[in-house]
Amino acid sequence: MFKSIQNPNLNSIKHGTNLPSRQSLDFALAEFSSAIEMLQAAKLVESKALGKGFVNHALDEYRHTDFFRRLLKSSNNAELRFDPRLSIALGFINPEKFLFEANDLTQFTAFVAINEASALRMFSKIRPAIAGATDELKNEIEEIIDDETDHLRSFTENPQENIKYSDTFVYEMLLLDEERHASLSNGFLEKIASPRKRRWLRLRYKIGNKLRHFWGSQRRVQHFVDKLISILVISLLLPFRGALNFPAARKENLLCRENGKFLL
Amino acid sequence: MNYILGVSGYFHDSSVCLLKNGQMIEFVKEESLTRIKGSRGFPIRSLTFLTTKYGLCDDNIDYIAFYEKPLRGWALTTYNSLAKPKRSFDLLRSQIKQFWSGPIHFAGELKKVIPVSENKLIFVPHHLSHALTALAFAPSQLQNNALLHFVFDGIGDGNTTSIFITQKNNARILFQQDFPHSLGLFYSAVTDYCGFLVNEGEYKLMALAAFGKPVYYDFLKEHVFNIEVPKFELDMSWFDYDVSPERSYSDKWINKFGPPILEDELNKMNGDSFQRSADLALSSQLILEEVVNSTIEWAIKETGIKNITISGGVAQNSLAMCSASKIASIASLTIPPSPGDSGAAIGAANFAKMMSGSKSIHCRKIFFGHSQLDFESALFQDMFCQEKSFTHMDEMLDDLISSGEIICCYFGGNEIGPRALCNRSIICAANNEKSVQALNLEIKKREGFRPLAPVMLRPVAETWFEINQKVFDCYRWMALTTMAKEKFPVKYEAVLHVDRTARVQILDDEMHPLYNFLRRNSGKIDMLVNTSFNVAGDPIVFDAIDCYVNMSRLGANYIITDNGLYSLRP
């Protein structure tokens, strides 16, 4: 998973409790969005090896989506249902420009690495919630963590194969995954990317993530602002209600240029 | 060489249709390219795809027709909501957001992809787009005659039901019903209550009806509906869809019918929740059929016109279409292969063609576009291994299907409607119950209460099913269900629903490889089971990578294509 959820408040999860359904839905959507992004990248990338790698990565993300969807269903919440269209409505995906189209390969791989590391940390925090789940679900979350580890390892251990076009990626990935790759970081990073580019990409994604997580955690503020603006606009609209009641459609021949001219 | 584009978008199932010299040559659904089922924004990817492929620009485009009046629907819904601002606050909030990102901005967004002059933009009334889509699929000898077009919908431009009369290049309104009294939104509310996604799970509710008893029918008719043909009114205290974008049914509905049902509870196919859903599904189905049928009978009596078409979202209810097809006064009935919003792009393009005096489009084809498989590419060869070339695959294909193998199909262009019709399908022998069960439950992971659809040749269909000749064409694209005859062979019973109906597809394209398969194996395998080539909840496959990803996820091994039989490389 390299699409981060908006509100990763996972520290409060108690041992033996269920993952809140809202977070199961967020994770499912983030995994699904990652699968879609990888699929689109596979369709656009020129290298056959990279294309196949992206396809396999997408397959893992689809499997993870299914896991979180089952977790969501097991929470028996009739209000929250997985709908793939939510991935667009909630801003996980911008279908006008997928990540691979909006970024070059270097930026794309750096983004994936940074967020895969973050996903790994988040999934580790879910463990207490899974303690109360069935054996089947427990095994699955372990498999997902293994997969996320593999995604990271494949980028680290085979840099020539996976990221030969993307030196900066390795740098960014090492920085963010210090715990796992402390021994490699310092010397390697200096070799592969210019300091200016490293600083820029790291700052861009880290600050971006922090801001998104901060804004995502401010649900009450969002709700208040949203409500306030709505009340204002509705109050302004109310006196003009009558102007919105347009006359019924014309009765004469509808198949004419005149009938197709206007927005009304 | 001039083009007309028809565009649908912003609500659900965005799509683009392309006419070249007055003939339809392409139809692309946005979801095929985004890989997100029901993609409903501005169809930027479909437009970009077609613009790149055909070099579309201001010089070679005559018109770009949008499938609705962008401001009208918004204004009328907002007008209704402002009447009770406190109760409708959530809906108003959503309406305000839609103003900034909705169809009102169509022209601006379009300019980013294809900069065309403003006088080339056409905004077609939504229900007229539906009706003109249906007209495109009506028999050619009837297209210039007087035709009655019924549009049963959720909502479009503030209307929910419309009846049009067309004759040559003239179209007029006979009747229109306005929001909030909507047959489509009523059915969606029941869908929502039964735990399915609105605009997505309605076909599941329809399948569920076969397990129910009409125990709520009288109640719905007495307390929820007020039918005064052709009008009907809903008691809106049972619904919330006119005040909330989140939930379609009201607390009053919950108090009467019990707590909302979870989709998972239905998969067990027993227990109180399952029976309650099934009973509600059947009761709602019967009410819906009653309104549809009585409206049709009224209009035929009123006008004397007996050749009709039905379109709009409700026309996707193949059970209701079967019921409508039995109305004695109908001489011919056309239900287009894509009667919903996605297909309305065709009607919009048809409007642009007809408004200048040209004849309506006439479509016999149900597949558009071209294969997106590049058999020579390195990636394709890395993912698939050719077992047999096209000319040598018959024997192996026969053996595989006879032995119970489940096969994916990818031929030529895409289906334009929501149903896979053997070009992007997964098939198996219908007389192999084990394979049918495996395909339904293990591979596609469909709910046990939904049957798979059979595909067969015309003589077989006429022998074993009650085929209604008035709607014969519609069986080519599975627009309606039909009842099995009494002598229906036991070995094929796996394709029948519990009420002994099936949504039959009659394959009549003699060039289709599966047509030839069924002819070769006549008497041995007379029917195949056909389901869409996708993982449940995802769009149907579009290109080679989609085929590989979907086959891997589904656990399918073989795929037949225009270039031969392939297996998936591990």
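FYI, side chains are in, hydrogens and waters are out, and symmetry mates aren't considered; it's all heavy atoms of this structure. As the structure is a computational prediction, the values presented were derived from the model and not from experiment. In the text below, chain A, chain B and the rest are named by the order of the sequence lines, each starting its count at 1.
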- [ ] List the steps and the verdict of side-chain contact (heavy atoms from CB on, under 4.5 Å) for I36(A) and T34(B).
- [x] CA-CA 8 Å; I36(A) 296 290; T34(B) 62; over 6 Å; no
[X] versus chain A, heavy atoms under 4.5 Å apart: side chain, backbone, both or neither?
{"X": "I44(B)", "result": "side chain"}
{"X": "Y548(B)", "result": "side chain"}
{"X": "D157(B)", "result": "neither"}
{"X": "V113(B)", "result": "neither"}
{"X": "P85(B)", "result": "side chain"}
{"X": "Y63(B)", "result": "side chain"}
{"X": "F196(B)", "result": "backbone"}
{"X": "E109(B)", "result": "side chain"}
{"X": "L121(B)", "result": "backbone"}
{"X": "L197(B)", "result": "both"}
{"X": "L82(B)", "result": "both"}

Who among [options] has the most heavy-atom pairs with chain A under 4.5 Å?
{"options": "A65(B), G41(B), P70(B), S552(B)", "value": "P70(B)"}
{"options": "I261(B), V124(B), N119(B)", "value": "N119(B)"}
{"options": "T78(B), I96(B), T48(B), D382(B)", "value": "D382(B)"}
{"options": "R35(B), E31(B), E30(B)", "value": "R35(B)"}
{"options": "P260(B), G38(B), S377(B)", "value": "G38(B)"}

Does a side-chain heavy-atom distance below 4.5 Å link [X] with [Y]?
{"X": "D538(B)", "Y": "F32(A)", "result": "yes"}
{"X": "E252(A)", "Y": "R172(B)", "result": "no"}
{"X": "L254(A)", "Y": "F164(B)", "result": "yes"}

Task: L92(B)/S230(A) under side-chain contact (heavy atoms from CB on, under 4.5 Å): CA gap, chis, key distance, verdict - done: CA-CA 8 Å; L92(B) 276 166; S230(A) 302; over 6 Å; no
Task: Backbone N/O of N253(A) and side chain of N170(B): donor-acceptor pair under 3.5 Å - done: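 Checked: no pair found.
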Open item on the list: Quick one: does any side-chain atom of E96(A) pair with a main-chain N or O of F42(B) as donor and acceptor, under 3.5 Å?
Closed with: no
Task: Test log, rule side-chain contact (heavy atoms from CB on, under 4.5 Å), inputs I229(A) and R93(B) - done: CA-CA 9 Å; I229(A) 296 172; R93(B) 260 167 69 184; over 6 Å; no
For the residue pair [X] and [Y], what are the closest heavy atoms and their distance?
{"X": "N259(A)", "Y": "P125(B)", "value": "ND2-CG, 3.6 Å"}
{"X": "L379(B)", "Y": "G51(A)", "value": "CD1-C, 4.5 Å"}
{"X": "I36(B)", "Y": "S87(A)", "value": "CD1-OG, 3.8 Å"}
{"X": "L244(A)", "Y": "L76(B)", "value": "O-CD2, 4.0 Å"}
{"X": "K48(A)", "Y": "A378(B)", "value": "CD-CB, 3.4 Å"}
{"X": "A83(B)", "Y": "R241(A)", "value": "CB-NH2, 3.3 Å"}

Open item on the list: Please classify the contact of E101(A) with chain B as side chain, backbone, both or neither, using a heavy-atom distance under 4.5 Å.
Closed with: side chain
TODO: Heavy-atom distances under 4.5 Å only: say whether A58(A) touches chain B with side chain, backbone, both or neither.
DONE: neither
Open item on the list: side-chain contact (heavy atoms from CB on, under 4.5 Å) for I234(A) and F89(B)? Distances and angles first, verdict last.
Closed with: CA-CA 9 Å; I234(A) 292 166; F89(B) 183 71; 3.6 Å; yes
Task: Pairs of heavy atoms under 4.5 Å with chain B: top-ranked of K73(A), K261(A), R257(A) - done: R257(A)
Open item on the list: What I want to find out is whether K37(B) reaches D83(A) closely enough, with some N-O distance under 4.0 Å, to be called a salt bridge.
Closed with: no
Open item on the list: Under a 4.0 Å threshold between the charged nitrogen and the carboxylate oxygen, would D192(B) count as salt-bridged to R81(A)?
Closed with: yes
